[in-house]
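Each remark here refers to the structure printed beneath this line.
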Amino acid sequence: MSAKHTTDKPWGGRFEQETDHSVEKFTESVSIDYRLYKYDIAGSIAHTRMLQKMNVLDAGDAEQIISGLQAIQNDIEAGKFTWQKSLEDVHMNIEFALVERIGEAGKRLHTGRSRNDQVATDLRLYLRDEVDLLNSEIRHVMTVLCDQAERHTETIMPGFTHMQIAQPVTFGHHMMAWFEMLKRDLDRLQDCRKRINSLPLGAAALAGSSFPIDNAYTAELLGFEKVASNSLDAVSDRDFVIEFCAVASVIMMHLSRFSEEIILWVNPMFGFIELDDAFCTGSSIMPQKKNPDIPELVRGRTARVYGDLMSILTLMKAQPLAYNRDNQEDKYALFDAVDTLHACLEVYSGLIPAITVNSERMREAAKQGYATATDLADYLVRSGLPFREAHEAVGNTVAFAISQSKELSDLSLKELGQFCPNLKDDVYDYLELNGSVNARDYTGGTAPEQVKRAVKEARDFLINT
Ligand code: ARG
């Protein structure tokens with residue numbers, strides 16, 4: 001930038017040797033942080049406006065800087081910008097290009113700021129946008145879950161505990177359980193956004209600037225809710241990255257749990273669902289195969305996002321105040337977590353509608369598993385038996401049914417009567433799968449009416465919040 005430098009580095013004034021090539025290669029971050037260009041430019045424009053307002057920059061210089069930065073953004077977006085690793089990072093690449101383009105005025109842009117508060121600002125602007133995008137992607141997945149749930153309010157499947165058939169539930173109810181997980185994730189994401197939305201610019205390197213900085217004005221221009229209260233904290237805080245990666249990990253954990261179920265359900269031994277061909281892949285050796293690679297990859301990528309969380313936690317654990325170069329590494333974890341989430345949510349918003357439910361198979365499985373045994377026990381309790389005795393009686397009934405290779409509802413009243421006292425004909429209403437799910441007709445229950453209500457409330461939530 002300046003003719004008297006021995007090196008071509010913007011920080012090269014006090015240096016008497018060229019940077020070693022291996023050091024340049026080792027320290028550069030532009031190959032990853034170029035992705036922040038839009039936010040870097042937005043931050044610089046807001047900083048310029050603030051400096052002009054405070055009479056640190058005159059209007060002519062400010063105008064030149066702003067139009068220069070806008071022209072650079074156009075060049076970048078048109079693929080006409082050459083990023084130089086020798087200029088280290090996105091910030092110095094853009095600043096260097098600005099000086100090349102507008103000369104003297106460009107050299108005034110960095111007044112009253114440092115790359116330390118600059119990169120922290122860029123990262124927050126970037127992540128705020130990504131959070132908003134993820135928010136709508138999660139909502140899309142929630143919408144397609146509602147669609148499936150609505151189609152299957154009456155479809156009965158076995159519910160599992162310990163991966164053993166437990167009690168009948170409706171498939172719609174199962175879909176709405178997934179919905180609830182994502183709803184909590186949305187909440188977590190919004191909460192995390194509050195702490196992203198604070199402006200570090202003005203903290204400069206660490207101690208603030210000696211210029212009259214109006215950071216409240218910069219915050220207003222950039223849509224930040226508040227300004228950071230402490231300059232040391234502002235440049236070194238990456239809690240928001242950690243929090244985001246933690247939220248991302250929870251979201252991935254949920255998607256991974258869905259994946260696990262989908263993988264089981266498409267297995268012909270379950271045969272509960274089928275996935276459209278468009279959402280499966282084949283085997284290069286076994287011609288008959290149709291594999292659930294998408295959910296497997298989502299499950300696999302969950303590991304990556306957990307790794308991102310571990311990486312950023314570890315990155316921060318031993319950093320004294322204030323900024324340390326370690327922080328440059330935060331982008332690997334953050335970008336990976338963001339990209340992975342986008343990819344998984346996108347593919348799931350297509351995959352969920354591509355599920356075809358095999359209602360007959362599900363019903364058969366629920367019938368075979370003595371899933372209404374608890375309903376029989378509840379029936380006996382209603383006729384006066386203490387629950388523990390009812391439990392015992394039904395246990396004996398199930399053992400008998402197994403020995404006869406029969407379902408509970410296939411047993412005659414006389415057969416049932418050997419173990420269970422006070423039975424009437426209406427007991428069969430409760431041994432039937434439909435009777436069982438219909439009985440659970442209150443908030444949170446699996447009854448078709450409740451699932452309809454849950455879907456309606458869910459859609460209201462998606463429209464109104
Ligand atoms: N590329 C750096 C980062 O991502 C920018 C800040 C560098 N600051 C410094 N004083 N070396 O963290």
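Positions are given from 1, in the same order as the sequence printed here. For ligands, and for the atoms within them, numbers begin at 1 and follow the listed sequence.
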Contact partition for Lys331 relative to ligand 1, non-hydrogen atoms under 4.0 Å:
side chain
Give the single entry among [options] that approaches [atom] most closely by any heavy atom.
| atom | options | answer |
| --- | --- | --- |
| atom 9 (C) of ligand 1 | Val119, Asn324, Asn116, Asp33 | Asn116 |
| atom 5 (C) of ligand 1 | Leu36, Asp122, Asp89 | Asp89 |
| atom 11 (N) of ligand 1 | Glu28, Glu88, Arg115 | Arg115 |

Do Arg128's NZ or CZ and the ring of Phe224 fall within the cation-pi criteria of under 6.0 Å and 45°?
yes
A cation-pi test, strictly: NZ or CZ of Lys9 under 6.0 Å from the centre of the six-membered ring of Phe15 and no more than 45 degrees from its axis. Yes or no?
no
Spell out, as yes or no, whether a donor-acceptor pair under 3.5 Å connects the side chain of Gln148 to the backbone of Ile355.
yes
Output yes when a side-chain donor or acceptor of Asp308 lies under 3.5 Å from a complementary backbone atom of Ala337, and no otherwise.
yes
Compute the shortest N/O to N/O distance between His91 and ligand 1 and return yes if it is under 3.5 Å, no if not.
no
Scanning both residues in full, the closest heavy-atom pair of Glu150 with Val455 reads OE2-CG1, 3.8 Å
Atoms of ligand 1 under 4.0 Å from any heavy atom of Ser29, numbered from 1 in the order shown, are 1 (N)
Please list, in number order, the atoms of ligand 1 under 4.0 Å from a heavy atom of Gln328.
1 (N), 2 (C), 3 (C), 4 (O), 12 (O)
